[in-house]
Amino acid sequence: MLRRFSLFFLLFSVSMYGQGLKYQLGQGVQLGNLPLYMGGYFSLEYSQFQGGPRTLTLDELALMLYGETDTFSYLMEVEADNVYSEVFGDEASDVKQEDFHIERMYVNKEFNEHYALMLGKYNSPIGFWNRIPINVLRDTSSNPVLTHILFPNFTTGADLHYQSGNSYDAAFDLMLQGTEDLDKLFYDDPYNNFDIDAQAGAGLSFRKDAVKYQFNAGYFHLVSDEEYYYLLGAFQYETEAFKVQASLGTQFNGDGSTVPYVGYLQGSYLIAEEHEAILRVEAYDDRLQHTKDSFVVMGYTYRPLFPVAFKAEYQWHSKEDENRFLLSVSALF
C-alpha cells in the first residue's frame with residue numbers, strides 16, 4: 001500500500017511539473033519552480049563470509065521528496081531494504097521484498113540562528129555514523145556495530161536543537177518520543193533496529209578547529225515492555241586529507257549491564273582526490289545476544305563523483321567464520 005501510494009505521488013508530481021524539471025546529480029529533480037525536489041539513492045552489495053556462500057544484494061533503494069524555504073525544511077523518504085538478493089553456492093532461493101517503508105518523514109522549523117525544532121520521524125542525532133544513513137556518503141559500506149545494538153536508529157517525535165554559533169560551535173539536542181514508530185501505521189514490523197514506543201535522549205557536541213567531541217545519553221522502552229539506558233562518547237580529528245574517529249558506548253537496564261562496551265577506532269586517509277583508505281578496529285560484548293567479538297576492517301573507497309562510490313572492505317574477526325569480504329556500488333541521484 002505504501003509503495004503504491006509513494007510511486008503514484010511521484011508520478012503525479014512529475015506529470016504536473018514535468019516541463020519544468022531541473023536535474024542535478026546528487027541533488028535530485030526540482031519540480032517546476034517549487035521548493036521541492038525528488039531524488040533517491042541505491043546500494044548494490046556483493047558479500048562473502050569465509051567458507052560461506054556468496055550473496056549479491058540490492059541492499060537499499062530509496063525515494064525522497066525534500067525541500068526548504070527560509071526557515072522550513074522538510075523530507076519524506078521511503079526505502080525498501082534487501083529489495084533483491086541472490087545467493088550463489090547455496091540451495092537458498094532468491095529473496096525479494098517489494099514493500100517500501102517510511103525511513104524518514106519530518107518537518108524542521110528554524111526559529112533563529114540558534115534554535116530549531118524537528119517533528120516527525122528522523123535519524124536519532126546520536127554519535128557520528130547514525131547521522132549519515134546513506135551508503136554513498138559513509139566511509140565504508142558496513143556501519144560500526146554500535147549503531148545496531150546500542151540505541152534506536154530512528155526517533156518518531158520531536159527534536160529540539162540548539163547551536164551556539166561561537167568559536168566552540170557547541171550544539172545540543174533533546175529528542176523525545178511517546179508513540180510507536182511512524183512506520184507502524186502501515187506495517188507491524190517497523191523500519192527501525194528496535195521496536196520502541198517511547199524514548200528520550202540528549203546530545204552535546206563541541207567543535208574547535210579540527211577537533212570535535214560528541215556525548216549522548218538516553219533511554220528507550222520496547223513495545224515488549226523492556227527498557228534500556230545508554231551512554232556514548234565520541235571524538236573526531238579531521239584535516240583535509242586525514243581523519244581519526246573513535247567512539248565508545250555502554251548499555252544497561254535495571255538488572256545490570258546489557259552491553260558492557262561497544263566501540264571503534266577508525267583512521268581514514270585521502271590518498272588522492274578520488275581515493276580513500278580506511279582502517280577500523282571494533283570490539284563489543286552484547287550480553288542480550290550472547291555475542292562477543294573484536295575485529296579489524298580494512299577498506300578502500302573510489303569516488304569518481306561525490307554522489308557515486310565504489311567500495312571494498314575485508315573484515316578479520318576473532319571468530320574466523322565471521323570473516324567477511326564486501327564490495328558495493330552506491331549512488332545518490
Side-chain angles (χ1 to χ4, degrees), residues 122-134 137-157 159 161 170-177 181 192-196 198-207 211-222 224 226-238 243-268 278-297 299 313 315-319 322:
Y122 54 89
N123 288 99
S124 303
I126 302 172
F128 296 131
W129 283 73
N130 202 59
R131 301 167 189 257
I132 311 175
I134 301 175
L137 303 178
R138 301 194 304 256
D139 292 327
T140 58
S141 292
S142 64
N143 283 352
V145 171
L146 68 82
T147 61
H148 305 301
I149 68 175
L150 192 63
F151 53 82
N153 294 154
F154 299 98
T155 300
T156 296
D159 175 59
H161 179 77
F172 177 78
D173 282 281
L174 177 63
M175 57 181 185
L176 297 170
Q177 175 173 343
D181 193 288
N192 209 341
N193 56 326
F194 290 101
D195 189 0
I196 60 175
Q199 71 165 314
L204 182 63
S205 66
F206 301 92
R207 181 190 293 272
V211 179
K212 184 175 183 179
Y213 300 94
Q214 174 76 41
F215 304 96
N216 289 95
Y219 152 88
F220 59 96
H221 183 272
L222 302 184
S224 58
E226 302 167 72
E227 56 184 20
Y228 299 93
Y229 301 84
Y230 62 85
L231 297 171
L232 176 67
F235 163 85
Q236 180 175 284
Y237 174 79
E238 185 175 15
K243 180 172 68 175
V244 175
Q245 195 177 85
S247 189
L248 181 64
T250 185
Q251 184 193 92
F252 53 93
N253 59 16
D255 297 325
S257 181
T258 51
V259 180
Y261 64 87
V262 56
Y264 69 87
L265 172 63
Q266 176 179 289
S268 59
I278 303 102
L279 180 65
R280 186 168 70 242
V281 179
E282 297 192 51
Y284 71 94
D285 181 3
D286 185 350
R287 294 182 179 176
L288 291 175
Q289 301 297 324
H290 306 290
T291 59
K292 184 177 181 180
D293 194 10
S294 57
F295 59 99
V296 175
V297 178
E313 69 180 76
Q315 302 176 3
W316 287 272
H317 290 254
S318 59
K319 302 175 182 179
E322 294 293 323

Visitor: Nearest 0.5 Å please: distance from the CG atom of D285 over to the OG atom of S257.
Guide: 7.5 Å
Visitor: Within a radius of less than 6.0 Å around OH of Y219, do more than 12 heavy atoms belonging to other residues, nucleotides or ligands occur?
Guide: yes
Visitor: Would you name the heavy atoms of L146 and G263 that are closest together and state the gap between them?
Guide: CD2-CA, 4.2 Å
Visitor: Side chains of W129 and Q266, heavy atoms from C-beta outward: is any pair under 4.5 Å?
Guide: yes
Visitor: State plainly whether the residues D139 and K243 are in salt-bridge range, i.e. N to O under 4.0 Å.
Guide: yes
Visitor: I'd like to know if the side chain of T258 reaches the main chain of L288, judged simply by a donor and an acceptor atom lying under 3.5 Å from each other, with no hydrogens or angles considered.
Guide: no
Visitor: Restricting to non-hydrogen atoms, name the atom on P144 and the atom on R280 that form the minimum distance, rounded to 0.1 Å.
Guide: CG-NE, 4.1 Å
Visitor: Is there a side-chain contact between F295 and W316 in this structure, where contact means two heavy atoms from C-beta onward sitting under 4.5 Å apart?
Guide: no
Visitor: Where do Y122 and L176 come nearest, in terms of heavy atoms and distance?
Guide: OH-N, 4.3 Å
Visitor: N130 and N123: side-chain donor and acceptor closer than 3.5 Å?
Guide: no
Visitor: Between I149 and Q251, is there a side-chain heavy-atom distance shorter than 4.5 Å?
Guide: no
Visitor: With side chains defined as the heavy atoms from C-beta onward, is the minimum distance between L279 and L265 less than 4.5 Å?
Guide: no
Visitor: Does F235 reach the side chain of V211, with side-chain heavy atoms less than 4.5 Å apart?
Guide: yes
Visitor: Taking all heavy atoms of P152 and all of I126, pick out the closest pair and write down the distance.
Guide: O-CD1, 4.4 Å
Visitor: Any idea which heavy atoms bring N143 and R138 closest together, and the distance?
Guide: OD1-NE, 2.8 Å
Visitor: Using every non-hydrogen atom in the two residues, find where E313 and S141 come nearest and quote the distance to one decimal.
Guide: OE1-N, 3.3 Å
Visitor: Mind checking the OG-CG spacing from S124 to N193? Nearest 0.5 Å is all I need.
Guide: 8.0 Å
Visitor: Backbone N or O of Y213 within a donor-acceptor pair of the S205 side chain at under 3.5 Å?
Guide: no
Visitor: Do N216 side-chain atoms and L232 backbone N/O form a donor-acceptor pair below 3.5 Å?
Guide: no
Visitor: As an exercise, state the distance from CD of Q214 to CZ of F206, rounded to the nearest 0.5 Å.
Guide: 10.0 Å
Visitor: Closer than 3.5 angstrom, by distance alone: can the side chain of R131 be matched with the main-chain N or O of P125 as a donor-acceptor pair?
Guide: yes
Visitor: State, with a plain yes or no, whether a side-chain heavy atom of V145 is found less than 4.5 Å away from one of Y264.
Guide: no
Visitor: Say you draw a straight line from CD of Q289 to NE2 of H148; how long is it, rounded to the nearest 0.5 Å?
Guide: 13.0 Å
Visitor: Within the structure provided, determine whether V297 and I278 are in side-chain contact (heavy-atom separation under 4.5 Å).
Guide: no
Visitor: Can you see whether E226 engages N253 through a side-chain donor-acceptor pair at a distance of less than 3.5 angstrom?
Guide: no
Visitor: Got a second to check how far E227's CD is from L222's CG, nearest 0.5 Å?
Guide: 9.0 Å
Visitor: Under a 3.5 Å threshold, yes or no: a donor from one side chain and an acceptor from the other, between T156 and Q177?
Guide: no
Visitor: Consider only side-chain N and O atoms of Q199 and T155, and report whether a donor and an acceptor are under 3.5 Å apart.
Guide: yes
Visitor: With ring pair (Phe, Tyr, Trp, His ring centres under 6.0 Å) as the test, pick out the partner of Y228 among F151, F220, F252.
Guide: F220
Visitor: Is there a donor in the side chain of E282 and an acceptor in the side chain of Y284, or the other way round, less than 3.5 Å apart?
Guide: no
Visitor: Mind checking the CG-OG1 spacing from D286 to T291? Nearest 0.5 Å is all I need.
Guide: 4.5 Å
Visitor: Taking C-beta and beyond as the side chain, do F194 and N153 meet within less than 4.5 Å on heavy atoms?
Guide: no
Visitor: Can any side-chain N or O of D293 pair as donor or acceptor with the backbone N or O of S318 at less than 3.5 Å?
Guide: yes
